[in-house]
Amino acid sequence: MAPITRRTSFPSVIIDKDTESEPSSSEEEEEEEEEEEEVQDEVEEEEVSEINNEKEAEESLDPKRKGKAPICISLKKVCKVCKKAGHEAGFKGATYIDCPMKPCFLCKMPGHTTMTCPHRVATEYGVIPAPHKSSRNPLAYVFECQLGRRRTRFKPAHVIPDQVSCAVIRYHSRRVTSLEFHPTNDNILLSGDKKGQVGVWDFDKVYEKIVYGNIHSCIVNNMRFSPANDGTVYAASSDGTISCTDLETGMSLSLMNLNPNGWQGPSSWRMLYGMDLNKEKGVVLVADNFGYLHSMDIRSNNKTGEAILIHKRGSKVVGLHCNPLQPDLLLSCGNDHYARIWDMRQIEARSSLYELAHRRVVNSAYFSPISGSKIVTTSQDNRLRVWDSIFGNLDSPSREIVHSHDFNRHLTPFRAEWDPKDLSESLVVIGRYISENFNGAALHPIDFIDTSTGQLVAEVMDPNITTISPVNKLHPREDVLASGSSRSLFIWRPKEKSELVEQKNEGKIIVCGRAEKKHKRGYESDDSDDDTFSSKGKNSKSKRSKLKSHVSTHKTKR
DNA sequence: ACGACATGAAGCC
DNA sequence: TGGCTTCCCTGTCG
């Protein structure tokens with residue numbers, strides 16, 4: 001498949017006169033600004049009362065400036081980022097204009113803004129392959145050896161689920177923090193939120209909503225199904241507990257509680273972040289916000305051994321992942337800017353096999369799903385890094401990809417995750433922070449990136465989804481993508497399959513990918529207080545009201 | 001159509 | 001080390 005850059009797949013947007021970012025209006029604004037700059041000079045506060053012009057008065061009444069001493073008030077428009085006059089940062093229509101005084105918001109380098117950042121124009125620009133290393137994956141290498149030059153295309157084109165197939169709006173009451181597909185039941189998705197609630201959603205039955213509210217009291221950071229029993233799920237939470245829940249009954253056991261004495265202040269409150277299950281060893285591994293790794297025996301629910309310091313003392317360990325092929329290998333990452341590889345047989349403080357250095361906090365680190373020979377990390381320096389243990393070495397990343405996934409305290413941290421179905425172990429999915437103007441709407445796409453080339457394979461978006469989607473999970477068997485936005489869940493399928501699903505579910509509420517009618521403010525802020533709705537067809541409203549009664553199985557136990 | 005606010009990490013002293 | 005301040009493309013509620 002020929003690599004597709006953003007340029008070719010999304011030709012430059014022609015601004016429609018009907019859209020918000022009408023060129024004529026922005027011209028007017030600019031003219032207005034110029035006028036203001038000419039007319040308005042700095043004035044003393046005393047003069048403020050004499051100002052009759054409403055507009056001028058409004059602008060001069062800055063509450064922060066209220067004081068007794070005579071102070072100067074600038075009526076010039078001021079950049080909200082650097083507080084200097086002469087330019088303004090912010091949205092002009094659906095396009096965000098960066099402050100030129102700050103380093104690029106995307107690549108963090110000074111000298112240019114996001115608008116002119118080379119990484120924005122073509123994502124593969126500046127993608128750094130390490131010298132003298134092959135970035136090809138091991139399977140590709142084997143194929144190449146076997147087939148030589150006679151080979152045609154062994155790597156199938158990636159199938160991208162890019163159409164919203166169904167959605168539940170406001171499934172959660174707080175932002176979604178984790179998603180997990182059921183290991184055997186194809187239509188079951190688990191979602192955890194900031195409040196500690198765990199949702200079980202069958203996206204074949206979009207009106208049925210089950211939310212367990214009694215399992216955790218705050219952020220559900222990670223969920224994993226039991227390898228022995230697929231009706232049981234483990235979850236790690238910032239309330240300092242690991243829960244083990246039976247999905248049928250909703251009955252939950254607390255396996256570990258790091259805060260047995262309750263809240264004693266923020267300096268002692270322990271939170272659990274990274275979690276993974278080690279099937280071979282029969283343990284639940286979990287890491288806390290003080291740098292320690294804990295393990296529990298799955299069968300006896302007993303703690304095994306003492307907690308081990310695996311990251312800088314006092315720093316958060318946000319991710320843990322067991323190698324899919326080598327059960328002795330464990331990968332951790334955290335706020336001390338490192339991802340580390342450990343040998344489970346001889347794990348103790350400072351005994352890591354490798355330290356993968358990053359410039360900022362590492363949000364996530366995952367072994368590749370099949371061979372486990374590659375690692376993808378997501379760091380808050382806006383870069384994805386691929387580390388290849390076979391064709392590279394672990395001293396430096398074999399590739400760095402600039403990608404917008406900035407940290408924001410109000411967003412769940414972005415995590416790049418491998419496509420578990422991709423045999424070439426190259427495709428990852430990650431939400432994008434920075435918005436882009438798509439036909440007049442500022443949208444935050446979900447990106448599919450081929451880590452073997454650094455290229456953006458697809459950017460998935462829907463005009464109705466105006467929120468950022470930091471949590472994304474690819475289905476382990478089907479061409480399905482689940483996205484968690486601020487409070488809503490979305491299921492994406494490839495276009496042709498979406499149509500099939502729509503036919504199959506005739507009469508059910510399905511949110512179609514290409515809404516005919518443009519929702520100005522998107523799904524999330526629709527007036528409707530329904531939990532699900534369709535943007536399709538003229539009779540969707542009547543369908544909605546008919547089906548409203550179905551949305552009633554909200555099981556909240558407390 | 002606003003303002004308040006939730007609340008994590010970096011950077012400075 | 002710790003106690004501030006600042007922050008940039010949020011999103012919701014009142």
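Residue numbers begin at 1 in each chain, while the letters A, B, ... track the order of the sequences.
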I need the [atom1]-[atom2] distance between [X] and [N], as an integer number of Å.
{"X": "Phe438(A)", "N": "dC9(C)", "atom1": "CZ", "atom2": "C1'", "answer": "13 Å"}
{"X": "Asn363(A)", "N": "dA9(B)", "atom1": "CG", "atom2": "P", "answer": "9 Å"}
{"X": "Asn289(A)", "N": "dA9(B)", "atom1": "CG", "atom2": "C1'", "answer": "14 Å"}
{"X": "Gln380(A)", "N": "dA10(B)", "atom1": "CD", "atom2": "P", "answer": "6 Å"}
{"X": "Arg409(A)", "N": "dG11(B)", "atom1": "CZ", "atom2": "P", "answer": "16 Å"}
{"X": "Asn382(A)", "N": "dA10(B)", "atom1": "CG", "atom2": "C1'", "answer": "15 Å"}
{"X": "His119(A)", "N": "dC9(C)", "atom1": "NE2", "atom2": "P", "answer": "21 Å"}
{"X": "Asp406(A)", "N": "dA9(B)", "atom1": "CG", "atom2": "C1'", "answer": "12 Å"}

Mind checking if [X] touches a base, just sugar-phosphate, or nothing, with heavy atoms under 4.0 Å?
{"X": "Ile468(A)", "value": "sugar-phosphate"}
{"X": "Asp98(A)", "value": "base"}
{"X": "Tyr433(A)", "value": "sugar-phosphate"}
{"X": "Lys194(A)", "value": "sugar-phosphate"}
{"X": "Ser404(A)", "value": "nothing"}

If you check every side-chain atom of [X], which of [options] has the closest atom?
{"X": "His337(A)", "options": "dG8(B), dA10(B), dC8(C)", "answer": "dA10(B)"}
{"X": "Thr467(A)", "options": "dT7(B), dG11(C), dC8(C)", "answer": "dG11(C)"}
{"X": "Lys316(A)", "options": "dC9(C), dC13(C), dG8(B)", "answer": "dG8(B)"}
{"X": "Arg360(A)", "options": "dT7(B), dC9(C), dA10(B)", "answer": "dA10(B)"}
{"X": "Asn408(A)", "options": "dT10(C), dA10(B), dC8(C)", "answer": "dT10(C)"}

Only one of Arg270(A), Glu306(A), Arg313(A) forms a side-chain hydrogen bond (donor to acceptor under 3.5 Å, both in side chains) with Tyr292(A), so which one is it? Arg313(A)
Find out whether the Lys NZ or Arg CZ of Lys108(A) is both under 6.0 angstrom from the six-membered ring centre of Phe105(A) and within 45° of the ring's axis. yes
Can a side chain N or O of [X] be found less than 4.0 Å away from OP1 or OP2 on [N]?
{"X": "Arg170(A)", "N": "dC13(C)", "answer": "yes"}
{"X": "Lys80(A)", "N": "dC7(C)", "answer": "no"}
{"X": "Arg174(A)", "N": "dC13(C)", "answer": "no"}

Can you tell me, in whole Å, how much space there is between the P of dT7(B) and that of dG14(C)? 16 Å
Taking dC12(B) as the reference, what is the distance to dC8(C) when you measure between their P atoms (whole Å, please)? 16 Å
Are there over 12 heavy-atom neighbours, none belonging to Glu355(A), within less than 6.0 Å of that residue's CD? yes
Other residues, nucleotides and ligands only: do more than 12 of their heavy atoms fall within 6.0 Å of CZ on Phe290(A)? yes
I want to confirm an ordering. Mapping His410(A) and Asn335(A) to their closest nucleotides on DNA chain B, which one lands closer to the 5' end? His410(A)
What's the base orientation of dC9(C): syn (chi within 90° of 0) or anti? anti
If we only count heavy atoms from C-beta on, is the Cys166(A) to Trp201(A) side-chain gap below 4.5 Å? yes
Cut-off 3.5 Å, side chains only: do Arg175(A) and Thr412(A) have a donor facing an acceptor? yes
